[in-house]
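A quick write-up on the structure given underneath.
To find a chain, count down the sequence lines: A is the first, B the second, and so on, and within it residues start at 1. Quick caveat, the model's predicted, so the values are computed rather than measured.
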Protein chains: 2
Amino acid sequence: MDDEEVMVDAAPGAVENIPRRGRLHTQAAQQLRTMILSGELPPGTRLREVQLCQQLGVSRTPVREAFRTLAAEGMIDLLPNRSVIVARLRSPDIGHLFEVVGALEALAGELAVKLVTSEQIGEIAGLHNKMLESYEKRERAAYLDLNHRIHRRIVEISANPVLISTWQTLIPRVERARAIANLNPDRWVAAVYEHSRMLSALVSRDGGLLSQLTREHFMNGLRHIPQESGSGQGT
Amino acid sequence: MDDEEVMVDAAPGAVENIPRRGRLHTQAAQQLRTMILSGELPPGTRLREVQLCQQLGVSRTPVREAFRTLAAEGMIDLLPNRSVIVARLRSPDIGHLFEVVGALEALAGELAVKLVTSEQIGEIAGLHNKMLESYEKRERAAYLDLNHRIHRRIVEISANPVLISTWQTLIPRVERARAIANLNPDRWVAAVYEHSRMLSALVSRDGGLLSQLTREHFMNGLRHIPQESGSGQGT
DNA sequence: ATGCCCAATCTTGTATGCAAGAATGCTTCA
DNA sequence: TGAAGCATTCTTGCATACAAGATTGGGCAT
């Protein structure tokens, strides 16, 4: 045969440094996830298999398997015999998402207070204080990162693997929504206050209160998500 | 820009009888799910691709894609370069599962009472009465089926697509646990009573009460799951 | 006899070829 | 001129061939 493209193991130019070329479909899924979260592939984008193959330097098989993984995460929509499209993030969906994640984190709070150690409370309090500092300096990115880490830590402490994996599946979309949403000053200060109350509930190990505050925290946050998200001719 | 309507995938369960029911991988996934739920493939079973291909009459490609779907549902475990195995149903995991699904259905109840129509209440009441009949006749399979349909109907009425899809992802494992669990007479009558109370709460549109009853319903059911279900003697 | 190493075989991972269904554009008729 | 039917082309779905990693059994050395 002629000198077609030799082999793919030599890096077509993307991130190919990994000596251990672990499953290509896992790698493809991760790259796609990153591209979607970064906004490189906006919602509604049609993903054609062959195009992505060339872009990622792999064949159609791993790409197709990555599609299944991403579809299970709700990142993309699989249409019967048609193209795959990046899931749209319509504002009603954000509300639905917040309701579900709020319920999950409320459960996490209930479970966590039964298991949390003093060290872990100290750790979360530390994150909380750093978050307050970020708020004082109005460092939005750092604030959001610490915010995320606090929420994640509580979910992890719940020690419920089903809860953790379900939460992890949904949370990229929440982060995506947060990245879009403008944090207006009124909401920001309210969120900080709510977090302080949640920390108090955790310290006093009041699961019912923490659960209720968590749920309210999400519902309050929801009211401040801008109603945009354009292009939605939604239902 | 293209403003094409986003049509959600036309349902895995819409048309089942016609021989050409679309995608082979969907069909393969459904068959595998049934085989696992029925106990034909007990937990820990190694699934070799080629063997399943011959058994299902398809090639390896749709089988591999079905594997991804089932893995996302937690029905099977994908090991790196080794065989796929049917997920073991450890009893702690069942507890974790019930906690999460209980929280989700509690949320569904809260949302449903705000939206449910009189016709839908009548429909659920009808299912409930048929379930009572099945209980009177001790028709276990019919009872479980109606039970499942009632729960599913409430989740659907919540009209939260994120909640619905998350619930659908988790529920096969719940059904599997229910299929394994022996429904002992004491638990059975208690479950029927709990369902009656839940129906009353729905009729009176008391979301808080329905939510609480739903959660308790799951926690009570959990206590009667046999504490062993590993690689046991099966039926 | 036992433990280690190597090779044969099995199984999974990937690529590609082929067929069926869908979208699109063109032609034709009213 | 507009709409409908048809054909071309594109894209997905499926099957199979090939390659790489893993497991296991046997042989050899200590």
Side-chain angles (χ1 to χ4, degrees), chain A residues 1-12 14-16 18-32 41 44-71 76-86, chain B residues 1-12 14-15 18-32 41 44-71 76-87:
Chain A
M1 323 314 197
D2 31 318
D3 50 337
E4 281 283 344
E5 210 101 19
V6 193
M7 274 295 229
V8 273
D9 59 342
V15 276
E16 289 288 343
I18 47 176
R20 162 152 202 70
R21 49 177 180 193
R23 306 359 118 218
L24 257 50
H25 56 83
T26 303
Q27 181 180 344
Q30 185 53 43
Q31 289 191 36
L32 269 173
L41 296 175
T45 304
R46 297 168 64 100
L47 301 177
R48 265 106 51 195
E49 291 178 1
V50 284
Q51 172 185 333
L52 272 169
C53 293
Q54 298 168 350
Q55 196 165 347
L56 299 180
V58 298
S59 91
R60 287 176 56 210
T61 306
V63 169
R64 285 178 62 84
E65 303 200 351
F67 278 174
R68 300 255 145 228
T69 303
L70 276 298
I76 62 178
D77 287 331
L78 260 42
L79 303 166
N81 263 329
R82 282 177 281 289
S83 294
V84 169
I85 65 170
V86 178
Chain B
M1 293 321 224
D2 56 330
D3 54 341
E4 53 205 321
E5 190 74 18
V6 176
M7 305 278 290
V8 173
D9 183 341
V15 277
I18 52 179
R20 70 177 300 90
R21 55 167 174 223
R23 328 315 158 262
L24 257 52
H25 57 83
T26 302
Q27 179 180 346
Q30 185 53 42
Q31 289 191 37
L32 269 173
L41 297 175
T45 304
R46 296 169 68 97
L47 300 177
R48 265 107 47 195
E49 292 179 359
V50 284
Q51 173 184 332
L52 272 170
C53 293
Q54 299 169 349
Q55 198 165 346
L56 300 180
V58 298
S59 92
R60 285 177 57 210
T61 307
V63 168
R64 285 179 63 83
E65 302 200 353
F67 278 175
R68 302 253 146 231
T69 303
L70 276 298
I76 61 178
D77 288 331
L78 296 166
L79 291 98
N81 264 329
R82 280 176 280 291
S83 295
V84 169
I85 66 171
V86 178

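For dG21(D), the base has no donor-acceptor partner in the side chain of Arg23(A) [N/O atoms by modelled type, under 3.5 angstrom].
Regarding contacts with the backbone of dG13(D), a side-chain N or O of Arg64(A) is found under 4.0 angstrom from either OP1 or OP2. Taking side-chain N and O atoms only, Thr61(B) has no distance below 4.0 Å to OP1 or OP2 of dG13(D).
Computed from coordinates, the Arg60(B) CZ to dT14(C) C1' distance equals 9 Å when rounded to whole Å. Computed from coordinates, the Glu49(A) CD to dA22(C) P distance equals 16 Å when rounded to whole Å. We find that CZ of Phe67(B) is positioned 7 Å from P of dT12(C), with the value rounded to whole Å. Distance CD1 (Ile85(B)) to C1' (dT12(C)): 15 Å, rounded to an integer number of Å. A straight line from CZ of Arg46(B) to P of dT11(C) spans 9 Å, rounded to a whole angstrom. Taking atom NE2 of His25(A) as the reference point, atom P of dT12(C) lies 12 Å away to the nearest angstrom. With rounding to whole Å, Glu65(B) atom CD is found 7 Å from dC14(D) atom P. One can place CG of Leu24(B) at 16 Å from C1' of dC18(C), the figure rounded to the nearest angstrom.
Taking the side chain as every heavy atom from C-beta outward, Glu65(B) and Phe67(A) never approach each other to under 4.5 Å. Taking 4.5 Å as the limit, every side-chain heavy atom of Glu49(A) sits out of range of all side-chain heavy atoms of Val84(A). At a threshold of 4.5 Å between non-hydrogen side-chain atoms, the residues Gln30(A) and Thr26(A) do not count as touching.
Counting any heavy atom pair closer than 4.0 Å across all strands shown, Arg82(B) reaches sugar-phosphate atoms only and no base atom. Across all strands, Leu78(B) comes closer than 4.0 Å to no nucleic acid atom at all (heavy-atom distances).
Nearest to the side-chain atoms of Pro62(B) among the listed nucleotides dT11(D), dA15(D), dT16(C) stands dA15(D). Side-chain proximity of Asn81(A) to dG13(D), dA15(D), dG21(D): nearest is dG13(D).
Atom CG of residue Leu24(B) and atom CG of residue Leu56(B) lie 9.5 Å apart, to the nearest 0.5 angstrom.
Contact detail for Arg46(B) and Ser83(B): the closest heavy-atom pair is NH2-OG, 3.2 Å.
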